[in-house]
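Working notes for the structure below.
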Protein chains: 2
Amino acid sequence: MDRATTPTRPAGRPRSSVDATVFAATLDTVHQLGYAHATVDRIAAAAGVAKTTIYRRWPSKGALITACLVDAFGPAPLTGASREEIMSTAIRWIAAKIGEPGIGAAFAGVFTDAVNDPALRQLLSAQLQDPYQLALQEALGEPEKRVLFFIDVVVGTLLHRMGMTGEPMDDADVDALVEMVLLTLR
Amino acid sequence: MDRATTPTRPAGRPRSSVDATVFAATLDTVHQLGYAHATVDRIAAAAGVAKTTIYRRWPSKGALITACLVDAFGPAPLTGASREEIMSTAIRWIAAKIGEPGIGAAFAGVFTDAVNDPALRQLLSAQLQDPYQLALQEALGEPEKRVLFFIDVVVGTLLHRMGMTGEPMDDADVDALVEMVLLTLR
DNA sequence: TTATTACGATACTTCAGGTATCGATACTAG
DNA sequence: CTAGTATCGATACCTGAAGTATCGTAATAA
C-alpha cells in the first residue's frame, strides 16, 4: 500500500491512500448490484479494505457516495462561444456522466436517500450542486433562481428517466432536452 | 368497523374496509415523519390496524404507497380547448398534487425505492404512470415517446426540486415549467 | 525504544421490512 | 344452533443493512 506523503506528517501510522481504490470499488459494486444492495460491507470487500477503514474516512454511506460522485464528475466543461453553446455542452456532459456505469444508479440512490435525510441533503447540495450552480451562474450570467430551475429540469429529467426505465436517456431525447432548455434560455 | 358488502359474499369473516383509513394514515405518517421513518408498523398504529392486516392487502410498503398515491391522485383533469391548455392544466394539476402534504414525500420515496426494485418499478409504472401517459397521448395526439419525454421532464423536475429543497416548487417556477414545455409542444 | 495513529477482523447494536403463529371474532351454510 | 371458513389483532420472529466498539497488529516520528 502506498502512503500519503504530507509535508508535515503527524505522528502515528499514516493513512494508506485508498480513496481511488474505494471510489472505483463503489461505482463497480453499485453498477453490479444496484444502490440498495451495494452495502458498505460489500464495497469494502471489493476494495480489499476493512469496513472500519471506510467509516474512518466517510461518516456514512451517503457521504461516501457523494464523495465518489464529486470525484467522478470532476469540473464541468463550461466551454462555448455563446451561452447557448455553454448550456448545450453542459447538458450533454451531465447526461453522458449519468449514463456511465454505476454513476446514474449511485446518483439516483443518494438523491433518494437525501430526501429523508436533511444532513445528507445539505452535503449533497454543498458538495455536488453548489459548485456547478455557481459556475453556471458565472458562465451564463443568469440569476441564481433561474440556474437552480435549469438544474432541476435537467438533472430531474435525467434521473427520472434513469429511475423509471433503469436505462440512461438516449441521444435523441437528450437532443430534445437541450432544445427545450435552449428555447427557454434564449 | 363497516364491512365490505359484496353481492356474492364468500364464506368466512369479511374483510373490514379499512383502505381509506390506511391511506389517510399513510399520508399523514409520511408527512410527519418522512418516507423512511414512516414504517409500516407506525402507519398501522396510526390507522388503528394491525401490521398483518396491511400486509394482507398490499404485499409490500412500496405497493401500499403506490396504491395510496393512485387513490390520492385520482383521474387527471385533461380539460382545455387546445392542446396547450390541456398540457398547462395537467402540469399545474400534478404540481399541486405533489405539493400536498405527504404526497410529494411519498412519491419521491417510492420512486426512490423503485430505482433498485424492478418489481416495484413495474408496479409504479403500470399503476401510476401508464394510465396518465395513455390519457395524455389520446388528449394531445402525440406519439408515446414524446409523451414519455414530457412526463420525465415535468415529474422529474418537480421531484428533483422536492428532493433537493424539501419544499414543493413555487408558483413562479411552475409557471416557468409550463412555459418551457409549451414552447416545445407548439 | 516508545508513543502515536491507522490497519484488519470481528462482534455487536439498532432498526425496518416482511413472515409465522395463534386465539378471538364475524360471517355463511346447513 | 352448530360447523366451517376467513379475517382480525397481537406478538414473536427472521433477515439484511447501517453504523459502533473493541482489540491485537503494523507503520511511522521522535
Side-chain angles (χ1 to χ4, degrees), chain A residues 1-19 21-22 25-26 29-30 33-66 106 109-110 112-114 116-117 119-120 123, chain B residues 1-19 21-22 25-26 29-30 33-66 106 109-110 112-114 116-117 119-120 123:
Chain A
M1 258 187 260
D2 42 351
R3 309 292 155 194
T5 51
T6 327
T8 66
R9 188 175 302 181
R13 177 176 178 169
R15 289 197 161 185
S16 47
S17 48
V18 295
D19 289 21
T21 309
V22 171
T26 300
T29 307
V30 169
L33 304 178
Y35 183 83
H37 293 302
T39 67
V40 177
D41 278 286
R42 280 194 256 261
I43 291 171
V49 147
K51 185 166 72 156
T52 42
T53 297
I54 289 188
Y55 276 104
R56 272 184 208 107
R57 285 166 172 73
W58 301 279
S60 66
K61 179 179 176 180
L64 166 63
I65 303 282
T66 301
V110 75
T112 252
D113 276 4
N116 294 291
D117 183 342
L120 179 56
L123 184 73
Chain B
M1 259 187 258
D2 41 353
R3 310 289 158 198
T5 50
T6 326
T8 65
R9 189 176 300 184
R13 175 176 181 169
R15 289 197 161 184
S16 47
S17 49
V18 296
D19 288 22
T21 308
V22 171
T26 300
T29 307
V30 169
L33 305 177
Y35 182 83
H37 293 303
T39 67
V40 177
D41 279 285
R42 280 194 255 261
I43 291 171
V49 148
K51 186 167 72 156
T52 42
T53 297
I54 289 188
Y55 276 104
R56 271 183 209 105
R57 284 165 173 73
W58 303 279
S60 66
K61 178 179 177 179
L64 166 63
I65 302 283
T66 302
V110 74
T112 248
D113 276 4
N116 293 292
D117 183 342
L120 178 57
L123 184 73

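Letters go in sequence order (proteins before strands), and every chain restarts at 1.
For a distance-only test at 3.5 Å, the side chain of B/Arg13 qualifies as a donor-acceptor partner of the base of C/dT25.
Nucleic acid contact for A/Ala11: sugar-phosphate only, since backbone atoms but no base atoms lie under 4.0 Å from a heavy atom of the residue.
Residues B/Ala47 and B/Thr21 approach most closely at O-CG2, 3.7 Å, considering heavy atoms. The minimum heavy-atom distance linking B/Ile43 with B/Val22 is given by the pair CG2-O, 4.4 Å. When all heavy atoms of A/Leu33 and A/Ala38 are compared, the pair lying nearest together is CB-N, 4.4 Å. Residues B/Ile65 and B/Val30 share a closest heavy-atom pair of CD1-CG2, 4.4 Å.
Comparing D/dC8, C/dG8, D/dA17 against the side chain of A/Arg42 picks out D/dA17 as the nearest. Considering only the side chain of B/Ser16, D/dC8 comes nearest among D/dA17, D/dC8, C/dA6. With C/dG8, D/dT28, C/dC7 as the candidates, the nucleotide lying closest to the side chain of A/Pro14 is D/dT28.
Residue A/Arg15 has no polar side-chain atom (N or O) positioned under 4.0 Å from OP1 or OP2 of D/dA26.
Between A/Thr66 atom OG1 and A/Leu123 atom CG the span is 4.5 Å, to the nearest 0.5 Å.
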Hey, can you pull the donor-acceptor pairs under 3.5 Å for the side chains in residues 48-57 of chain A, sequence neighbours left out?
residue	atom	partner	partner atom	Å
A/Lys51	NZ	A/Asp41	OD2	3.4
A/Arg57	NH1	A/Thr53	O	3.4
A/Arg57	NH2	A/Ser16	O	2.6

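Separating the CG atom of A/Leu33 from the C1' atom of D/dG16 is a distance of 14 Å, rounded to the nearest angstrom. Across the protein-nucleic acid pair, A/Ile54 atom CD1 and C/dA6 atom C1' stand 15 Å apart, rounded to whole Å. Between the P atom of C/dG17 and the CH2 atom of B/Trp58 lies a distance of 15 Å, rounded to the nearest Å. We find that CG of B/Asp113 is positioned 14 Å from P of D/dA17, with the value rounded to whole Å.
Checked by atom type and distance alone, the side chain of B/Asn116 pairs as donor or acceptor with a backbone atom of A/Tyr35 at under 3.5 Å.
Comparing A/Gly12 and B/Gly12, the nucleotide of DNA chain D nearest to each residue sits closer to the 5' end for B/Gly12.
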What pairs of nitrogen or oxygen atoms, one from the protein and one from nucleotides 18-24 of chain D, lie under 3.5 Å apart?
residue	atom	partner	partner atom	Å
D/dA18	OP1	A/Lys61	NZ	3.0
D/dA18	OP2	A/Val40	N	3.2
D/dG19	OP2	A/Tyr55	OH	3.2
D/dG19	OP2	A/Lys61	N	2.8
D/dG19	N7	A/Lys51	NZ	2.9
D/dG19	O6	A/Lys51	NZ	2.8

